[in-house]
Participant: 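After the structure tokens below, expect a handful of questions from me.
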Amino acid sequence: MASGALLSTVMELVNEAMKSSPSAVKGLELTAETLLVEEIGLDSLDLVMVLVKIQDRLQIEIDLDEIPRFRCVNDIVTHLIEIRRASAA
């Protein structure tokens, strides 16, 4: 899966989290640089749910200790690329 497809997948799942989270800002247009907590208003449980859905969809393991690294949508995509590179090596 190319990085554009990864970005699309992550944005789709973040959008789902935004719709279901009572604390999230509704109607915000997502970009790769959209801040997950500061702009969208996702909390740690929302982020965990997004990561679990990513794991299920992409059949990969994400260390939940990495959550503090994920400030924006693109941080998640970058981490997914790193995981794929490491598994291909």
Participant: Indicate if Leu42 and Met49 have the same hydrophobic cluster label, given that clusters are the connected sets of ILVMFWY residues with side-chain heavy-atom separations under 4.5 angstrom.
Facilitator: no
Participant: Say whether, by atom type as modelled, one donor and one acceptor occur between the side chain of Glu61 and the main chain of Gln55 under 3.5 angstrom.
Facilitator: no
Participant: Between the side chain of Ser8 and the main-chain N/O of Gly4, is any donor-acceptor distance below 3.5 Å?
Facilitator: no
Participant: Do Asp43 and Leu47 come within less than 4.5 Å of each other through their side chains, counting heavy atoms only?
Facilitator: no
Participant: Which pairs with one or both residues in residues 67-89 pass ring-ring contact (aromatic ring centres under 6.0 Å, His included), sequence neighbours excluded?
Facilitator: Phe70-His79
Participant: When rounded to the nearest 0.5 angstrom, what is the spacing between CD1 in Ile81 and CG in Leu7?
Facilitator: 9.0 Å
Participant: Determine whether Leu58 and Val52 fall in the same hydrophobic cluster, where Ile, Leu, Val, Met, Phe, Trp and Tyr are linked whenever their side-chain heavy atoms lie under 4.5 Å apart.
Facilitator: yes
Participant: Could you see if Ile54 belongs to whatever hydrophobic cluster contains Leu64? Use Ile, Leu, Val, Met, Phe, Trp, Tyr and a side-chain cutoff under 4.5 Å.
Facilitator: yes
Participant: Looking at CG of Asp56 and CG of Leu51, how far apart are the two atoms once the value is rounded to the nearest 0.5 Å?
Facilitator: 11.0 Å
Participant: Any Lys/Arg nitrogen of Arg69 or Glu82 sitting under 4.0 Å from an Asp/Glu carboxylate oxygen of the other?
Facilitator: yes
Participant: To the nearest 0.5 Å, what is the distance between CD1 (Ile76) and CG (Leu6)?
Facilitator: 11.5 Å
Participant: Examine distances only and state if a side-chain atom of Glu39 and a backbone atom of Leu36 form a donor-acceptor pair shorter than 3.5 Å.
Facilitator: no
Participant: Please output the side-chain donor-acceptor pairs of residues 13-20 that fall under 3.5 Å, not counting sequence neighbours, one pair per line with the distance.
Facilitator:
from: Ser20; atom 1: OG; to: Glu16; atom 2: O; distance (Å): 3.3
from: Ser20; atom 1: OG; to: Ala17; atom 2: O; distance (Å): 3.3

Participant: Tell me if a side-chain donor or acceptor on Ser23 pairs with a main-chain N or O of Gly41 at a distance below 3.5 Å.
Facilitator: yes
Participant: Any non-hydrogen side-chain atom of Thr34 less than 4.5 Å from a side-chain atom of Cys72?
Facilitator: no
Participant: At what distance, to the nearest 0.5 angstrom, does CD1 of Ile60 lie from CG of Leu80?
Facilitator: 4.5 Å
Participant: Arg71 and Val37: side chain to side chain contact (heavy atoms under 4.5 Å, CB included), yes or no, with the steps?
Facilitator: CA-CA 7 Å; Arg71 295 208 52 220; Val37 175; over 6 Å; no
Participant: Shared ILVMFWY cluster between Leu35 and Leu30, side chains joined below 4.5 angstrom?
Facilitator: no
Participant: Is there a side-chain contact between Val10 and Val73 (heavy atoms, below 4.5 Å)?
Facilitator: yes
Participant: NZ/Lys26 to CD1/Ile40 distance, rounded to the nearest 0.5 angstrom?
Facilitator: 11.0 Å
Participant: Got a salt bridge between Glu12 and Arg57, using NZ or NE/NH1/NH2 to carboxylate O under 4.0 Å?
Facilitator: yes
